[in-house]
Asks: 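One structure, pasted below without further comment.
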Amino acid sequence: MSLCVGKLLEQKDKQLSIAMQKVAADAAAVPGGQFPTIWKDSLTGFFKTSADPEDQVAAFQQARRNACVFMNSLAVQGTGFGIFVSNCEIRLTDALLQSLN
């Protein structure tokens, strides 16, 4: 079961990477030429984050894992802990993907 859940999470992460690449491509394609610079400057300067889609995916994955481990920490001694965490990660990724589409 954990292998199936792990494969599903991998698929979700691939979808997330594609969706994040689309966000960056959409920002770069805004007519007029100034928006991509403003977008990058706002992300890096004001929000102190990256404008690189892959960096964003990695940051989301780490935050997602931390939150899901914490939320399921009461089950840490159970044999299903990893499955609980992965299912939580899938749900959070689905929520983000839904908002990106």
Side-chain angles (χ1 to χ4, degrees):
M1 179 133 178
S2 63
L3 289 175
C4 291
V5 172
K7 285 187 181 203
L8 181 57
L9 183 58
E10 263 184 48
Q11 291 172 347
K12 296 291 180 177
D13 281 342
K14 286 179 185 174
Q15 291 173 356
L16 178 62
S17 183
I18 291 166
M20 293 296 226
Q21 292 287 343
K22 184 178 179 324
V23 168
D26 289 349
V30 170
Q34 289 183 319
F35 182 76
T37 303
I38 294 168
W39 180 72
K40 286 179 183 177
D41 288 349
S42 293
L43 288 173
T44 58
F46 184 76
F47 292 105
K48 307 292 185 224
T49 190
S50 175
D52 181 270
E54 291 305 314
D55 288 348
Q56 288 295 339
V57 169
F60 174 77
Q61 289 169 326
Q62 185 61 55
R64 174 189 72 189
R65 171 58 55 116
N66 291 346
C68 288
V69 166
F70 180 80
M71 291 186 311
N72 290 283
S73 62
L74 294 177
V76 77
Q77 293 180 353
T79 56
F81 177 70
I83 293 171
F84 294 141
V85 170
S86 293
N87 278 324
C88 172
E89 289 184 85
I90 289 167
R91 289 190 308 273
L92 290 177
T93 304
D94 281 341
L96 181 57
L97 285 169
Q98 185 177 10
S99 70
L100 291 172
N101 291 324

Asks: Identify, with sequence neighbours excluded, every residue that meets side chain to side chain donor-acceptor pair (under 3.5 Å) alongside Asp41.
Replies: none
Asks: Report all side-chain donor-acceptor pairs from residues 58-71 shorter than 3.5 Å, counting only partners two or more places apart or in another chain.
Replies:
| residue | atom | partner | partner atom | Å |
| --- | --- | --- | --- | --- |
| Gln61 | NE2 | Asp13 | OD2 | 3.0 |
| Gln62 | NE2 | Asn66 | OD1 | 2.9 |
| Arg64 | NE | Glu89 | OE1 | 2.9 |
| Arg64 | NH1 | Asp13 | OD1 | 2.7 |
| Arg64 | NH1 | Thr93 | OG1 | 2.7 |
| Arg64 | NH2 | Asp13 | OD1 | 3.4 |
| Arg64 | NH2 | Asp13 | OD2 | 3.3 |
| Arg64 | NH2 | Glu89 | OE1 | 3.3 |
| Arg65 | NE | Glu89 | OE1 | 3.4 |
| Arg65 | NE | Glu89 | OE2 | 2.9 |
| Arg65 | NH2 | Glu89 | OE2 | 2.7 |
| Asn66 | ND2 | Gln62 | O | 3.4 |

Asks: Hydrophobic side-chain clustering at under 4.5 Å (ILVMFWY, transitive links): who's grouped with Phe46? Put none if nobody.
Replies: Phe47
Asks: Per the disulfide (SG to SG under 2.5 Å) rule, what does the pair list look like for residues 28-58, sequence neighbours excluded?
Replies: none
Asks: Under the rule for side chain to side chain donor-acceptor pair (under 3.5 Å), what residues qualify as partners of Ser73, not counting sequence neighbours?
Replies: none
Asks: Is a donor on one side and an acceptor on the other found under 3.5 Å between the side chain of Ser86 and the backbone of Ile83?
Replies: no
Asks: Can Leu96 be reached from Val57 by stepping across I, L, V, M, F, W or Y side chains whose heavy atoms are under 4.5 Å apart?
Replies: yes
Asks: Quick check on the hydrophobic clustering: are Leu8 and Met1 connected, directly or via other members, by side-chain heavy-atom contacts under 4.5 Å?
Replies: yes
Asks: Who else is in Ile38's hydrophobic cluster (ILVMFWY, side-chain heavy atoms under 4.5 Å, direct or via others)?
Replies: none
Asks: Return the set of residues passing side-chain contact (heavy atoms from CB on, under 4.5 Å) with Val23 (not counting sequence neighbours), or none when no residue passes.
Replies: Trp39, Leu100
Asks: Considering residues at least two apart in sequence or located in another chain, which fulfil the side chain to side chain donor-acceptor pair (under 3.5 Å) criterion with Lys7?
Replies: none
Asks: Can you name the residues that form a side chain to side chain donor-acceptor pair (under 3.5 Å) with Ser2, not counting sequence neighbours?
Replies: none
Asks: For the hydrophobic clusters of this structure (ILVMFWY residues joined by side-chain heavy atoms under 4.5 Å, transitively), does one cluster hold both Leu43 and Met20?
Replies: yes
Asks: Can you sort out the partners of Ser50 under side-chain contact (heavy atoms from CB on, under 4.5 Å), two or more places apart, ordered by chain and number?
Replies: Asp52, Asp55, Gln56
Asks: Provide the closest heavy-atom pair for Pro36 versus Ala27 in the form atom of the first, atom of the second, distance.
Replies: CG-O, 3.4 Å
Asks: Per the salt bridge (Lys or Arg N to Asp or Glu O under 4.0 Å) rule, what does the pair list look like for residues 91-101, sequence neighbours excluded?
Replies: Lys12-Asp94
Asks: Show me the pairs that pass salt bridge (Lys or Arg N to Asp or Glu O under 4.0 Å) and involve residues 77-88, at least two apart or across chains.
Replies: none
